[in-house]
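Okay, structure first, notes after.
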2 protein chains.
Amino acid sequence: MDPAELGHLAYYERLVLKIKEQIVRGVLQPGDKLPSVRDMARSEQLNPNTVAKAYKQLELDGVMEVQPGRGSFIAQRPRKMSQTEKVELKNRFDALVVTATAQGVDEATLKTWLAAHFEG
Amino acid sequence: MDPAELGHLAYYERLVLKIKEQIVRGVLQPGDKLPSVRDMARSEQLNPNTVAKAYKQLELDGVMEVQPGRGSFIAQRPRKMSQTEKVELKNRFDALVVTATAQGVDEATLKTWLAAHFEG
DNA sequence: TACGTGTACTATACTAGTTAGTACACTTGG
DNA sequence: CCAAGTGTACTAACTAGTATAGTACACGTA
């Protein structure tokens with residue numbers, strides 16, 4: 001999955017997704033240090049504020065630990081989601097499944113899409 | 001799934017989702033006539049323009065057939081998605097799975113969420 | 001001919017997102 | 001200690017999307 005294709009997402013959301021993908025794939029490991037807000041802004045061609053917003057979102061999501069003056073690091077373990085967060089995530093998931101189904105995507109295809117994330 | 005809980009969606013998007021859900025659940029059948037833009041606006045407490053935008057989106061998605069002067073009807077069959085549309089839908093699906101996984105939702109839970117749409 | 005239908009258009013208002021620039025408090029290394 | 005690097009906070013301006021209001025038009029039907 002290439003976040004660059006996700007043209008409908010805001011820049012900071014694309015960066016959040018990109019980092020989360022690297023975490024899921026193991027490219028980024030717990031404790032790893034991320035580039036500073038300014039370095040990431042330079043390499044990603046973004047405004048430092050936009051990167052800061054992405055980092056803040058990642059911290060809010062519990063996958064990154066931010067230490068002012070030291071840097072930003074991948075969390076040892078993703079913070080346990082609250083019930084509200086879990087419900088919200090399920091709502092988004094359900095909405096997407098309904099949309100796909102209404103437009104003719106069948107059950108087998110969706111199961112394939114899902115399973116692809118857990119192979120290897 | 002109750003679209004009323006999806007506070008992050010725009011009004012017209014919530015209406016689109018609500019109608020798609022009724023299609024998937026069989027509450028709305030192919031050929032069924034939907035309320036006019038003005039009636040729907042009254043019953044849903046929305047501006048007619050907002051409803052019109054939802055109807056236009058539904059027609060664009062191929063699940064509704066609009067006949068100016070006659071009314072709006074559920075399509076006999078969802079229009080076959082273009083390759084671009086399918087890729088876009090898969091991208092959104094993948095992004096959501098990555099987000100969920102990064103925040104600690106495991107494979108079994110996601111499979112349960114998906115399967116729930118195809119029971120009964 | 002009336003009426004209801006979807007549609008188009010203008011105008012206004014509000015919100016979110018992005019960029020730019022500046023400044024501050026904190027931690028680290030020389 | 002001090003300079004450099006860190007995340008953060010703040011204002012300002014611009015863009016895009018959303019929602020509302022009102023008006024008008026073209027079409028199909030009874």
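Chain letters run A, B, ... following the sequence lines, proteins first, then strands; residues in each count from 1.
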Starting at CD1 of Ile19(B), measure out to CE of Met64(B) and round the result to the nearest 0.5 Å.
4.5 Å
Rounding to an integer number of Å, can you tell me how far Arg70(A) CZ sits from dT28(C) C1'?
9 Å
Starting the side chain at C-beta, find the nucleotide from dT20(D), dG7(D), dT6(D) nearest to Asp39(A).
dT6(D)
Roughly, in whole Å, what's the span from NZ in Lys53(A) to P in dT19(C)?
11 Å
Side chain of Ala52(B) only, heavy atoms from C-beta on: which candidate in dT19(C), dG17(C), dT7(C) is closest?
dT7(C)
Pairwise distance NZ(Lys33(A)) to CD1(Ile74(A)) - rounded to 0.5 angstrom
11.5 Å
Residue Arg38(B), side-chain heavy atoms: nucleotide from dT7(C), dT8(D), dT18(C) that is nearest:
dT7(C)
What is the distance, rounded to the nearest whole Å, between atom CG of Asn47(A) and atom P of dA12(D)?
17 Å
After noting the C-alpha distance and the side-chain angles of Glu85(B) and Arg79(B), does the key distance pass the salt bridge (Lys or Arg N to Asp or Glu O under 4.0 Å) rule?
CA-CA 11 Å; Glu85(B) 288 172 318; Arg79(B) 173 181 55 74; 3.2 Å; yes
When the nearest nucleotide of DNA chain D is assigned to Ser72(A) and to Asn49(A) on a heavy-atom basis, which residue is associated with the more 5' position?
Ser72(A)
Does Asn47(A) reach the main-chain N or O of Asn49(A) with its side chain, forming a donor-acceptor pair under 3.5 Å?
yes
For dT20(D), take OP1 and OP2 only and decide whether either is under 4.0 Å from a side-chain N or O of Thr50(B).
yes
Shortest side-chain distance from Ala10(B), nucleotide among dT18(C), dG6(C), dT18(D):
dT18(D)
Kindly point out which of dG6(C), dT5(C), dG7(D) is positioned nearest to the side chain of Tyr55(A)?
dG7(D)
Nearest 0.5 Å, what's the OG1-NZ distance between Thr109(B) and Lys86(A)?
5.0 Å
Phe73(B) atom CZ is separated from dT5(C) atom C1', nearest whole Å, by 10 Å
Just how far, in rounded Å, is P of dT8(D) from OH of Tyr12(A)?
15 Å
Below 4.0 angstrom from OP1 or OP2 of dT5(C), is there any side-chain N or O of Ser36(B)?
yes
Whole Å only: how far is the CD atom of Glu13(B) from the P atom of dT15(C)?
18 Å
note: Gln57(A), atom CD; dG7(D), atom P; distance rounded to Å ~ 17 Å
Rounded distance (Å) that lies between atom C1' of dT8(D) and atom CG of Leu60(A)
15 Å
